[in-house]
Amino acid sequence: MLETLAEKPGTAAAQAMFSLQQIHTYYGDSHILHGVSLALPQGQAVGLLGRNGMGKTTLIRTLMGYVPAREGQVFADGKNITGAAPEKMARLGIGYVPEGRGVFPNLSVKENLLMSARAGLDGQKNWSYERVLETFPRLKERLANGGNQLSGGEQQMVSIGRALMTNPRLLILDEATEGLAPLVVAEIWRVIAQIRQTGISTLIVDRDYKKVLAHTDHVVVMEKGRLALQAESAQLQAQPEQLSALLGV
Amino acid sequence: MSNSSSTPLPNTNQAYAQAPAVTQQSRPIRSKSVWVGVVLPLACAALLAVAQPFWSSYLSDLIVKIMILSIFALSLHILVGGAGLVSLGHAAYFGLGAYAAVKAAGPDGSNFLVMLGAAVGASGLYALIVGALSLRTKGVYFIMVTLAFAQLAFFVVHDVGYFGGSDGIYLMQRPALGALDMESSSTQYYVVLAALVLVYAFIAMLRHSRFGHALSGIRVNEQRMRAAGFATYGYKLAGFVIAGALAGVAGFLLASRDAVVNPELLAWHHSGEVLLMLILGGVGSLRGAVLGTITFVLLKEVLSTHAIVGNAADHWQLSLGVAIIVLVALLPKGLVGINDKWQKKAQAQSEKAPAATEKGEHHG
Amino acid sequence: QDKIKVGFMLPFSGTYAALGNAIENGFRMHVTEQGGKLGGREIEFFKVDDESDPAKATDNVNRLIKRDKVDVIIGTVHSGVAMAMAKAAKESGTVLIVPNAGADAVTGPMCAPNIFRSSFSNWQTAYPMGVVAAKQEGKKNAMTITWKYAAGEEAVNGFKEGFEKNGGKVSKQLTLPFPNVEFQALLTEIAAAKPDAVFSFFAGAGAVKFVKDYHASGLSKTIPLYGPGFLTDGTLEAQGEAAQNMLTTLHYADELGTPRDTAFRTNYAKSFKLQPDVYAVQGYDAAQMLAVGLKAAGGDIAKKDVFRTALEKATIPSPRGDFTLSKAHNPVQDIYLRKVSGKENKKIGIASKALADPARGCRM
Amino acid sequence: MDLATFLVQCLNSVQYGLLLFLLASGLTLIFGIMGVINLAHGSFYMIGAYVAFSLAPYLGQHFITMLLVGVLLAVALGYLLEWAFFSFLYERDHLQQVLMTYGLILVFEGLRAILVGNDVHGVEKPAWLAGSFPLMGMMQYPWYNVFAAVACLVVALLMYYTVNRTRLGMMIRAGASNRDMVRGLGINIKRLYRIVFAVGVALAALAGMIAAPMSSVYPNMGSSVLIICFVVVVIGGIGSITGALIASLLVGFVDTFGKVFFQELSGMSIYLLMAIILVWRPEGLMGKR
Amino acid sequence: MADAHNPAAKLSVRALTRRFGGLVAVSHVDIDLHEGEVHAVIGTNGAGKSTLINMLSGELAASSGSIHLEGRDVTQMPQPQRARAGVGRSYQRTTIFPEFTVLENCRLTAQAQARPRPWRIWESAQHCDASLQRAHAALASAGLQHQAQTIAGSLSHGAKRQLEVAMCLATEPQVLLLDEPLAGMGAEETERMLTLLQQLKQGHAVLLVEHDMDAVFRIADRITVMVNGAVVATGTPAQIRVDPVVRTAYLGEEEHA
Ligand SMILES: Nc1ncnc2c1ncn2[C@@H]1O[C@H](COP(=O)(O)OP(=O)(O)OP(=O)(O)O)[C@@H](O)[C@H]1O
Ligand SMILES: Nc1ncnc2c1ncn2[C@@H]1O[C@H](COP(=O)(O)OP(=O)(O)OP(=O)(O)O)[C@@H](O)[C@H]1O
Ligand SMILES: [Mg+2]
Ligand SMILES: [Mg+2]
């Protein structure tokens, strides 16, 4: 079961939509990621768990091309695209909801959403402006507010909506439920489930590990920049002891 | 909450900055080693003092000019490097200091202290007024308000008859205090050197004090400072007035060296020039301010001297421009950045080869 | 024997750069004509770009005095800079010949035994225009317009003195801040007030724009525009149609027709591939003055008194016509009345014969 | 002042104000929206004027063609400049841009002196715009000034539409606040900004070309324009095109009437205006609070 | 609701209202914060919780209504002064000094309260014992002591959130206004923070805005629920848990009962 996720190039991993091979990432002199490999296959939901500061965000930023990997490769559809810039990665079909939202303060809600609108790689336009607003009705009342005139939760919705507007095939959610009211969180998990059903892959980082397990096919747990555990979500749901040790719950 | 993003300068409000926070511009508060912070500047000053008799009168003059401009740049550093307040009107305080000094001088026998007092008082007072009003604004708006008030001062000095109009006024007699007579160029040299040392020491002390740290805090994140209980307006205003008054000191020194003042001293491009010196040196440290001043003045001096660069001197603007562009391209942190880079390299080397610890002592 | 060191302190960059070049060319041409020697001594040149910035004037002039140790300084165009130079020259005793800057004070309160001028005083070029406007042209009611700075005010006052002494009346004096070139508002004021004549003092690009705007507004059809020659000197190519038939006064004109001037003009055009202008003449004459002094002192410029008395007694054979120096060392010269015709300022008469500046405030 | 004069002065104010907007429009893009502190803006204006002067002998009578050619040249220049001198500066302290643009000013001035010399030049107005119409007694008003004002309005409208109404404009503004996020959404911010910068340069150059026949072409002509452009952009509120337009008109009025009524101290009028407005509204007239 | 301020409360708020243009972000809110109590404010996104905290801490002016701190009217008091009078806050969006070390972040906020006055410019800040002690204590409480010398900007998101709270603690406030302190924290840190809050409530009044319902129901002594700017319910956790309005408007039909 572990092999499905971290394999040698040429095998299943290379066929995966996106995959990372033996990644080493540094911030300046500090070595953050130590040889991480991860495959994100088409149509699969992957959860990324780990305590604070273990390198989850760094892994995502490496995949997105924000931080260069000093060693290792990145593949998309079997092609080596190591060193691709973030805009390239996004164009390859990644919708990115960063930690801390990254809403544009000087753009209105409407503009925040519209600016990224784009058809997906295969030309599909499942997510339109209207559909995003239907998904987050709260935003309808705030369309003219600037990004800096929103409550924290509203910003989170904008951020997710904006990523969906790019019609991605992989949605990366880095702590997307942070600061959201329970009802909204439930709604977001519902949306995630919905997204998952439409065949969009997801990579989810969230502190609510139970929800992550419930909404993913696989789970990867990080510890100090290494993959400490990879397993099928269903299995871990049944036997959470392994997780408890790694997450400190 | 203000919108930090649409005001490109300076980056005070961190509320929306979640991108990698540690960038090249980060300036952690850290204590420099005693060597770099105290011994080196003092050694330089001592060297300058001892060497004076050997300078030609031209060199001595050039050094005096650099020292005066250094004081000027250091005073601006309190604002730019300290509190993150970029002022584009600092020449106004410099010029007002010079004018006040000349106006306070008697026709015969000008008292050093009276003139100095007038300079500090006038520029400090104007800084108080301008600061009180302009500190309501932030970022580029602050830059422009300070510019506006500087231009007001410029036009008053330029257009009001009392100040002698566009051609300026003369100082009939350079200031003196007992045996200390600024008519003598070596006295000038030592007085200016002493002033530089004092100002440098004062600002260094200020930076390390709680007041200085509070200013740094305001530079990085004023919102948080207020939430913690700092009346930031008062801190900034105090910084502004101190900076203005010290610029007045520089102005006084200039007036007593040149014995002539004119409105051009207050012109905005001089405010711009001193800011450039600061940026060139690197706004992170006091050494940067002095280093930037020296480099800027010397670059221009060298590039416009026929004896050195031949006929290229006719196009000194071009070569100076190219030099500046090259420096910007190569030195992301200004001139002090080189020093830091060397230190890091030296550190890395000494770590790799622990035997060669002796070599670690590289300083720019 | 060493070479005589001549330092040019002129604007080689910025708005007045063309003037600086013309002055240098004129000076060098005379030296070349004399076989590279003046008063039997070879000449070595030094150059400093004064940037037309009075605030840097003291430093710039000290580069020549202290660094290059020049014997003579030739400079400059900008009055404020010239004033600071005069101060430095007075203190160091270096001979200064001013080849343009017309500030009345240079040969007024600032006059000194070692300071000479080969050009004019602002008063001198404007006063005759007032006389002509009142007497010859029969104007009764005039308005003046100029930048609010010393040179402009001096010129306007000169005009007013000449105009009112001869029965005219200056009804209103308009000014606008230097170097603002938005004239429309003031032109409207002129149109509303309907004077008989307008006298204006602008130079360079400002002169071009003013003359053009004045013409475009249709005022030139009914209200003649007068000015000192700078309004149309070196700018006719740019002013084109707008300047035609304007009357100005100056100590020089294109095509004076004298053999001396013709020779000068041909030689200049040949040497520099440029048409000479009044600035070139002033540079040329600065060299002539230096030659006269040096010759009398036997090539020894240290003989200041000999140098000075020789100049005070001399008649300089200038392309503009002979001139002598007044007690205050300003040229006593004919001021021509000129009319623009095509691309030339044609002399149509003499507005004032052997006019001397009143040298108010000079004690020497 | 009688009513007729007053009205003419108002016309003068509006005309000057609109010209100012044309001058400031490029700066509104580069500085106001992209957030690059561009001291070299005045140099681009100067380059435009010199381009007009150089092209005039060949295209003088095809004025519009001349403007087009000039704008294209300026876009190319801007594109190159951004690539060579600015692309690596965005990640750095904003103050470094100040230093860089200052260096560029010096270089442009130096090159200008070498290439075209230091003389003052004039550029002829195109024949079809050379006339004028009568106004108030003996005064006339040149058609060319009207043309310049109209050109300004067109530019203002186009810019307003592009920046505030199109997706391109949204991307540009988003890029000013968070470059990384924009990239993460699949937008090539480098190319986008290169183009915006080029357009900003072209606008400045266009202003220079249009202004050339009205004023003249001379060394350092950019430096006096620079400050006033900054004043306009800042009074209006950074990033707001409407604000810049209002500010231009306001400055036009204050400058015009300042010269008429307060001659003695009219130099400080616009700075006084700026000081008052910013002390009253610290984020400019149309700035976001 | 009563109009009079509760004199027993540390911080007492009556009819507090804030408008943004046409929007009433906070509408006639009454709240009393008592020493020894953790008072949670929960509510939908955009309900006005942060706006409430902004008004209480003085960052935003109230449109109307009044705030009393220990019986004193502080409605008009500027933020810094209010902070020195004992109102401390943390931010929902991390608001730290990213360029400084973690220790320096805390030392700096502690310095605001420390006595000998700042104009004694000959004294070094880095050796200011009073503020250093507070800073170290705050770091220890927040569990950041191991990272004291790290540059704050290079902390992970969760650690930044810890620092956010530590900086508030370093000012030793009487009234703590915590805006989602648990957001972004891992399970372990959450646990530590809850323990810390338990300790802190002795001698402090704590206002806690939080979306983590498990935590809120575990630790809160009193809960206020806001929806669209208005308070819809106030009561003990037990009361709130079963309040039908709250369940539909905020909690949802999940298993919080
Ligand atoms: N810009 C940076 N410079 C230096 N170090 C950094 C930087 N950003 C993060 N780090 C360090 O890298 C490590 C991993 O950080 P990362 O943000 O990837 O953790 P995380 O797993 O996402 O944690 P969290 O759950 O708190 O978000 C941490 O130790 C952090 O201190
Ligand atoms: N500066 C502002 N201008 C206009 N509206 C604003 C401003 N700040 C906040 N708002 C609006 O006021 C409302 C309350 O915002 P607030 O931040 O207080 O919500 P909150 O309860 O903290 O929500 P969350 O739980 O999502 O953080 C929101 O609808 C928000 O859009
Ligand atoms: Mg993270
Ligand atoms: Mg909130």
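Predicted, not measured: the structure shown is a model, and the values here were computed from it. In what follows, chains carry the letters A, B, and so on, assigned in the order in which the sequence lines appear, proteins first and then strands, with residues in each chain numbered from 1.
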Side chain from CB out, backbone as N, CA, C, O: work out which of these in B:Leu331 comes under 4.5 Å of a heavy atom of chain D, or both, or neither.
backbone
Rounded distance [0.5 Å steps], CD in D:Gln96 versus NZ in B:Lys333:
11.0 Å
Please state whether the side chain, the backbone, both or neither of D:Val231 comes within less than 4.5 Å of a heavy atom of chain B.
both
Among B:Thr146, B:Ile279, B:Asp159, B:Leu135, residue most engaged with chain D (heavy-atom pairs, under 4.5 Å):
B:Ile279
Heavy-atom pairs under 4.5 Å with chain B, option from D:Ile277, D:Val234, D:Leu39, D:Leu99 with the top count:
D:Leu99
Heavy-atom neighbours of D:Phe88 CZ exceed 12 at 6.0 Å
yes
Out of curiosity, B:Lys138 NZ to D:Glu283 CD, how far, rounded to the nearest 0.5 Å?
7.5 Å
Looking at D:Leu278 and B:Met144, what are the two nearest heavy atoms and their distance?
CD1-CB, 4.3 Å
If contact means a heavy atom pair closer than 4.5 Å, which residues of residues 160-167 of chain B contact chain D?
B:Val160
Part of D:Ile276 lying under 4.5 Å from any heavy atom of chain B
neither
B:Val130 versus chain D, the contacting section by heavy-atom distance below 4.5 Å
neither
CG on B:Leu276 to CE on D:Met100, rounded to 0.5 Å:
12.5 Å
Between chain D and each of B:Leu147, B:Leu152, B:Val145, count heavy-atom pairs under 4.5 Å; write down the option with the most.
B:Leu152
Part of residues 314-327 of chain B lying next to chain D, heavy-atom separation under 4.5 Å:
B:His315, B:Gln317, B:Leu318, B:Leu320, B:Gly321, B:Val322, B:Ile324, B:Ile325
Does the pair B:Val328 and D:Arg92 meet the rule for a side chain to side chain contact (heavy atoms under 4.5 Å, CB included), with working shown?
CA-CA 10 Å; B:Val328 177; D:Arg92 298 208 201 150; 4.0 Å; yes
Rounded distance [0.5 Å steps], CD1 in D:Ile227 versus CG in B:Leu88:
6.5 Å
By a 4.5 Å heavy-atom criterion (distance strictly below it), what part of D:Leu89 contacts chain B: side chain, backbone, both, or neither?
side chain
Which atoms of D:Phe230 approach chain B - backbone, side chain, both or neither, heavy atom under 4.5 Å
both
Take atom NZ of D:Lys190 as the centre, draw a 6.0 Å sphere, and report whether it contains more than 12 heavy atoms from other residues, nucleotides or ligands.
no
Value for CG (B:Leu275) from OH (D:Tyr102), rounded to nearest 0.5 Å, stands at 11.5 Å
Most heavy-atom pairs under 4.5 Å with chain B, out of D:Ile114, D:Val233, D:Ile235, D:Leu265, belong to D:Ile114
In short, B:Val140 meets D:Phe31 closest at the heavy-atom pair CG1-CZ, 3.2 Å
Under 4.5 Å from any heavy atom of chain B - which part of D:Ser223
backbone
Counting heavy-atom pairs under 4.5 Å to chain B, which of D:Gly237, D:Ser266, D:Gly110, D:Gly267 comes out on top?
D:Gly267
One should read off an interatomic distance between D:Tyr271 OH and B:Phe155 CZ, to the nearest 0.5 angstrom, of 5.5 Å
